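Per chain, numbering begins at 1; letters A, B, ... match sequence-line order. Everything numeric here is computed off the predicted structure, so don't read it as measured data.
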Amino acid sequence: MPGMFERIYEIVRRIPPGRVATYGQIAILAGMPRGARVVGYAMASCPEGKNVPCHRVVDSRGNTKAAFNVFQRGVQRMMLEAEGVAFGADGRVDMARYRWDGISK
DNA sequence: GCAGTGACCGTGA
DNA sequence: CTCACGGCCACTG
């Protein structure tokens, strides 16, 4: 039986390049409407050999700074920019523009 | 089985 | 706008 982590990773794998998703959004898609923290916990254990684009996961305000303990300074931002995701002057992602709808591939 | 932990989120002051 | 607080739930020892 796969745990919730595997389920969460499956959702993250569906995020298309050039798009981002929030923890809460992924939690909903995984069937845990209030399980945003579990998603964060899963990302903290993000397996590196499994093709999981964990850099496309940001918080509800488009902030990537939460991942300081996992990504080195600026790495996550560079990876996203390389895919075409633009950051605002405040250093956050424009969510209205790049938020994944949860459907499109 | 219990208690502690955590890349969070929404609300209210 | 910022800050603090409570709730959330799988995982770990």
Using whole Å, what does the distance between atom P of nucleotide C:dA10 and atom OH of A:Tyr9 come to?
15 Å

C:dA10, B:dC8, B:dA7: which one has an atom nearest the side-chain heavy atoms of A:Gln76?
B:dA7

Output the distance between atom OH (A:Tyr41) and atom CD1 (A:Ile8), rounded to the nearest 0.5 Å.
11.5 Å

Mind checking the CD-CD spacing from A:Glu6 to A:Glu10? Nearest 0.5 Å is all I need.
7.0 Å

Per nearest nucleotide of DNA chain C, the residue lying toward the 5' end, A:Met4 or A:Arg61, is A:Arg61

Given salt bridge (charged side-chain N to carboxylate O under 4.0 Å, His left out), test A:Arg92 with A:Asp90 step by step and report yes or no.
CA-CA 6 Å; A:Arg92 292 183 297 168; A:Asp90 55 6; 3.0 Å; yes

Could you tell me how far B:dG12 sits from C:dC8 if I compare only their P atoms? Round to whole Å.
16 Å

Given the structure, check if the side chain of A:Arg37 and the base of B:dG6 hold any donor-acceptor pair shorter than 3.5 Å.
yes

Nucleotide C:dA10, atom P - distance to OH of A:Tyr41 in whole Å
12 Å

How many Å lie between CZ on A:Arg7 and C1' on C:dC11, as a whole number?
17 Å

Using a cut-off of strictly less than 4.0 Å between a heavy atom of the residue and any atom of DNA chain B, enumerate the qualifying residues of residues 79-103 of chain A by number.
none

How many Å lie between CZ on A:Arg34 and P on C:dG6, as a whole number?
18 Å

Both distances below 3.5 Å, Watson-Crick or wobble geometry, any strand: find the nucleotide opposite B:dA7.
none

Hey, does the side-chain of A:Tyr23 have a donor or acceptor N/O within less than 3.5 Å of a partner on the base of B:dA7?
yes

Can you tell me the distance, in whole Å, between the CG atom of A:Asp59 and the P atom of B:dG6?
18 Å

Apply side-chain contact (heavy atoms from CB on, under 4.5 Å) to A:Asp59 and A:Thr22, showing your working.
CA-CA 5 Å; A:Asp59 73 12; A:Thr22 70; over 6 Å; no

Just the rounded figure in Å: distance from C1' of C:dC11 to CE of A:Met32.
12 Å

Salt bridge A:Arg19-A:Glu83, side-chain N to carboxylate O under 4.0 Å:
no

Rounded to the nearest 0.5 Å, how far apart are NE2 of A:His55 and CE of A:Met43?
12.0 Å

Does the ring of A:Phe87 carry A:Arg77 above it, NZ/CZ under 6.0 angstrom from centre and within 45° of its axis?
yes

Report the nucleotide, chosen from C:dA10, B:dC8, B:dA7, that has the shortest atom-to-atom distance to any side-chain atom of A:Ala44.
B:dA7

Rounding to an integer number of Å, can you tell me how far A:Ile28 CD1 sits from C:dC8 C1'?
13 Å

Separation between the P atoms of C:dG13 and B:dA7, rounded to whole Å
16 Å

Heavy atoms from C-beta onward define the side chain here; which of B:dG6, C:dC8, B:dA7 lies closest to that of A:Val70?
B:dA7

OP1 or OP2 of B:dC8 sitting under 4.0 Å from any side-chain N/O of A:Ser60?
no

Between atom CD1 in A:Ile8 and atom C1' in B:dA7, what is the gap in whole Å?
12 Å

Which one, C:dA10, B:dC9, B:dA7, comes nearest to the side chain of A:Phe5?
C:dA10

Are there more than 12 heavy atoms of other residues, nucleotides or ligands under 6.0 Å from atom CZ of A:Arg13?
yes

